[in-house]
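Here's the structure, in structure tokens; my notes come after.
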Amino acid sequence: MCSGGKDSTYNMMKCIEDGHEIIALAHAHPPEDAAQEELDSYLFQTVGSSAVATIAECMDLPFYLQVIAGSAITQTLDYKLTEDDETEDLFALLSNVKHHHPDVAGVSVGAIFSSYQANRVQHVCDRLGLTMLAYLWHREQVGLLREMVHNGVEAILIKVAAMGLGKDDLGNTLKQAMPKLISLSEKHGVHACGEGGEFESFTLDCPLFKRRIVIDEVETIIHSPDIYSPVLYLKLKTLHTEPNLVISLVWIAKICFIDSSNLTNSHSIVSNAADSAPRVSIDHSPAVGHTNADVNDLSLQLSGPAPEYALAFTDHIYCINEMSKLGRKGRMAELFNYMHLHVEMFSRKHSTHIDIWRDMINSGYDRALIVEDDVDFELDSVAVISRALGALNSTSADWDILYVGHCSMEENQRKAHSAYSRLYKSTHPFCTSGYLLSRNGAKKLFAYFIEHYQQARALDIQLVALIKRKLLKSYSIYPPVVYQRRDLYPSDDGLELKIAKKFKNSAWNEALAFVPRLANWVDPLDSVYLHPAFKHIPSWMEDGNTVN
């Protein structure tokens with residue numbers, strides 16, 4: 001659920017940090033013929049409602065709306081199904097989301113101390129078979145407010161309703177308002193996060209946004225002209241979005257990578273509280289150090305050696321790099337170090353994927369993530385990959401290779417995997433920008449390519465041929481979560497180089513739709529004898545034997 005405010009935004013960030021994936025935004029809004037945007041709802045934030053769709057645009061997610069037709073008929077803490085209560089509008093909203101996204105499993109909720117709200121969301125979740133994810137529940141508010149600002153939540157105050165807050169505070173960012181809010185909390189008991197209705201906020205930017213929101217025109221509305229604590233709010237009349245070029249790389253590291261010393265710890269989504277209390281997740285972890293950095297700045301200042309981190313879904317990470325391209329090595333090594341990620345920079349005079357497969361086998365790794373030296377990761381990459389692997393494991397699916405990065409527009413042409421809507425059996429996963437390889441897959445590929453590798457054929461073309469012949473059990477994530485930086489390092493291929501000048505970054509996927517590779521497809525293995533050992537791993541490659 002997305003109210004547009006700081007709490008719902010930050011809870012979504014915590015969901016991503018805990019390994020979940022946001023698949024859609026849902027919002028309840030006032031009727032179009034309502035006299036005012038502010039309904040004084042007990043359950044929903046309605047001020048700023050008209051602008052919430054822009055948040056979905058910034059996150060590039062589906063957006064679902066539901067009119068608030070009911071009211072707070074049942075006002076006790078506990079809730080029982082009541083006709084025409086606004087809680088039933090929430091039920092209708094989440095039912096619609098579940099109808100369009102059958103694999104949805106949970107609901108992100110920004111509640112902090114309101115048992116009234118939490119109990120009603122839990123009631124609706126129980127009816128729909130969903131899990132309520134409320135990572136802010138019972139957090140100490142001053143520390144939480146500082147943490148939100150520290151972790152890049154840029155929100156403004158769009159409503160004030162407490163003594164000490166007035167017209168001059170409207171439009172201030174959380175960072176600007178924080179000293180005053182903390183002072184009012186210490187002196188007068190005002191809730192620093194506004195949990196008592198002291199203020200409402202609207203998020204303009206955060207690490208989840210691909211674009212940031214810019215407000216062009218507002219109107220100040222006097223909702224209640226009280227002398228001591230007037231209720232005022234901003235009506236957001238016009239706004240626009242613009243590219244978001246600054247993100248927190250430390251926060252990316254925090255959400256994408258898990259300290260290897262904690263990999264055995266289990267994380268509970270639902271607390272063991274009494275039945276009368278909302279069953280929500282509670283996280284009291286301290287804030288992590290944070291510095292904003294331009295993602296295009298290739299000279300990040302590092303404070304010292306970074307501790308080693310490990311991805312939860314792989315034993316090892318290789319970044320393939322040719323010694324003739326040491327400029328790439330420096331950029332990738334600096335970025336990985338800044339992100340506290342332990343990656344082996346596999347640099348050789350003529351590095352090949354075959355060399356990495358050999359090293360993976362000899363090192364005894366069960367899984368390895370292999371990326372090229374010109375890639376970037378999507379923010380939710382680890383959550384998506386983990387869900388894909390979970391889906392494969394849940395159905396006992398055997399797999400050799402999982403493409404997490406590719407440049408194909410056809411990977412979603414088949415029916416999605418029953419356990420995860422972004423997982424597909426591979427079709428034409430051109431490019432080898434990023435893939436997860438099982439030990440069995442490494443053995444298969446090494447056994448085949450050590451005999452039949454064609455120097456004149458691109459590796460990705462030969463892999464696709466093996467997939468088409470059903471000799472390689474391959475799956476793809478679509479859209480991919482690892483992509484090549486064609487703006488920094490265009491391909492050596494002439495056709496791709498021309499396209500790269502026009503299309504950059506993630507748009508490369510769309511650009512490849514114009515490449516006539518599929519229409520002129522020629523199986524490079526048509527004239528090649530397929531060694532019988534490829535279908536069945538030869539005895540000389542059994543565990544314990546070193547391959548050369």
Discussion item. Working note: Asp103 + Tyr420, criterion side chain to side chain donor-acceptor pair (under 3.5 Å); need CA distance, chi angles, decisive distance, verdict.
Written reply: CA-CA 7 Å; Asp103 57 346; Tyr420 187 38; over 6 Å; no

Worksheet item: Going through the checks in order, is the side-chain contact (heavy atoms from CB on, under 4.5 Å) test met by Glu147 and Tyr10?
Response: CA-CA 10 Å; Glu147 184 180 309; Tyr10 193 58; 2.4 Å; yes

Fill in: Glu154 vs Arg212, salt bridge (Lys or Arg N to Asp or Glu O under 4.0 Å): CA-CA, chis, key distance, verdict
CA-CA 10 Å; Glu154 183 183 333; Arg212 60 177 285 110; 3.1 Å; yes

Worksheet entry | Evaluation steps, side-chain contact (heavy atoms from CB on, under 4.5 Å), between Phe346 and Asp373 | CA-CA 10 Å; Phe346 200 86; Asp373 59 5; over 6 Å; no

Practice prompt. Would you sort out whether Arg387 and Leu423 count as a side-chain contact (heavy atoms from CB on, under 4.5 Å), showing the intermediate values?
Written response: CA-CA 9 Å; Arg387 284 198 64 185; Leu423 180 64; over 6 Å; no

Practice prompt. Any chance you could lay out the side-chain contact (heavy atoms from CB on, under 4.5 Å) test for Ser474 and Tyr403, step after step, and finish with the verdict?
Written response: CA-CA 8 Å; Ser474 177; Tyr403 282 87; 3.4 Å; yes

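Tested against Cys2, the residues Thr203, Leu61, Val52 include a single side chain to side chain contact (heavy atoms under 4.5 Å, CB included) partner, Val52.
The shortest distance between side-chain heavy atoms of Val371 and Ser433 does not fall below 4.5 Å. Side chains of His27 and Tyr64 form no contact here, defined as non-hydrogen atoms less than 4.5 Å apart. A 4.5 Å side-chain heavy-atom check between Leu133 and Val109 finds every atom pair outside the cut-off. Looking only at side-chain heavy atoms (C-beta outward), Lys443 and Tyr448 stay at 4.5 Å or farther from each other. Side-chain atoms of Ser408 and Thr427, non-hydrogen and from C-beta on, never get closer than 4.5 Å to each other. You'll find the side chain of Met13 reaches within 4.5 Å of the side chain of Pro207, heavy atoms only. Proximity of Ile23 to Val97: side-chain heavy atoms (C-beta onward) are nowhere separated by under 4.5 Å. Counting heavy atoms from C-beta on, the side chains of Phe446 and Ile361 come closer than 4.5 Å.
Electrostatic pairing of Glu242 and Arg211 does not count as a salt bridge here, judged by no charged N lying under 4.0 Å from a carboxylate O. By the 4.0 Å N-to-carboxylate-O rule, Glu411 lies too far from Arg422 to be salt-bridged with it. Here Asp400 pairs with Lys444 in a salt bridge; the nearest charged N to carboxylate O distance falls below 4.0 Å.
Proximity of a side-chain donor or acceptor of Asp460 to a complementary backbone N or O of Thr432 within less than 3.5 Å is not detected. Under a 3.5 Å cut-off, the side chain of Asn96 and the backbone N or O of Ala92 do not form any donor-acceptor pair. Here the side chain of Lys98 pairs a donor or acceptor atom with the backbone of Leu128 at under 3.5 angstrom. A distance-only check finds a donor-acceptor pair linking the side chain of Ser426 to the backbone of Tyr475 [under 3.5 Å].
Residue Arg120 comes nearest to Leu90 through the heavy atom pair O-CD2, 4.5 Å, listed as atom of the first residue, atom of the second, then distance. Taking both residues in full, the closest heavy atoms of Cys206 and Thr9 are given as SG-CG2, 3.6 Å, listed atom of the first, atom of the second, then distance. For the pair Asp7 and Gly110, the tightest heavy-atom approach, listed with the atom from each and the gap, is CB-O, 3.4 Å. Contact record, Ala28 with Leu93: N-CD2, 3.9 Å, taken as the closest heavy-atom pair. For Leu459 against Trp357, the heavy-atom pair with the smallest separation is CD1-CH2, 4.0 Å. Considering every non-hydrogen atom in both Val375 and Glu372, the closest pair reads CG2-O, 3.4 Å.
Summarising the geometry, atom NZ belonging to Lys14 is positioned 4.0 Å from atom CD belonging to Glu17; distances are rounded to the nearest 0.5 Å. Taken from CG in Leu94 to SG in Cys125, the straight-line distance is 6.5 Å, to the nearest 0.5 Å. To the nearest 0.5 Å, atom OG of residue Ser438 and atom CH2 of residue Trp399 are 5.0 Å apart. Separating the CG atom in Leu463 from the CD1 atom in Ile401 is a distance of 5.5 Å, to the nearest 0.5 Å. Remark: Asn412 CG to Ile477 CD1 distance equals 13.5 Å, nearest 0.5 Å. To the nearest 0.5 Å, the span separating OG1 on Thr314 from CG on Leu437 amounts to 9.5 Å.
Aromatic ring centres of His353 and Tyr318 lie farther apart than the 6.0 Å criterion allows. Checked against a 6.0 Å centroid threshold, the rings of His417 and Tyr424 do not count as neighbours.
Between Tyr478 and His406, the ring planes lie parallel to each other; the angle is under 30°, not in the 30° to 60° tilted range. Between His316 and Tyr365, the angle of the ring planes stays under 30°, which puts this pair in the parallel group of the 30/60° scheme.
Defined by atom type and a distance below 3.5 Å, a donor-acceptor pair is missing between the side-chain atoms of Asn11 and Ser8.
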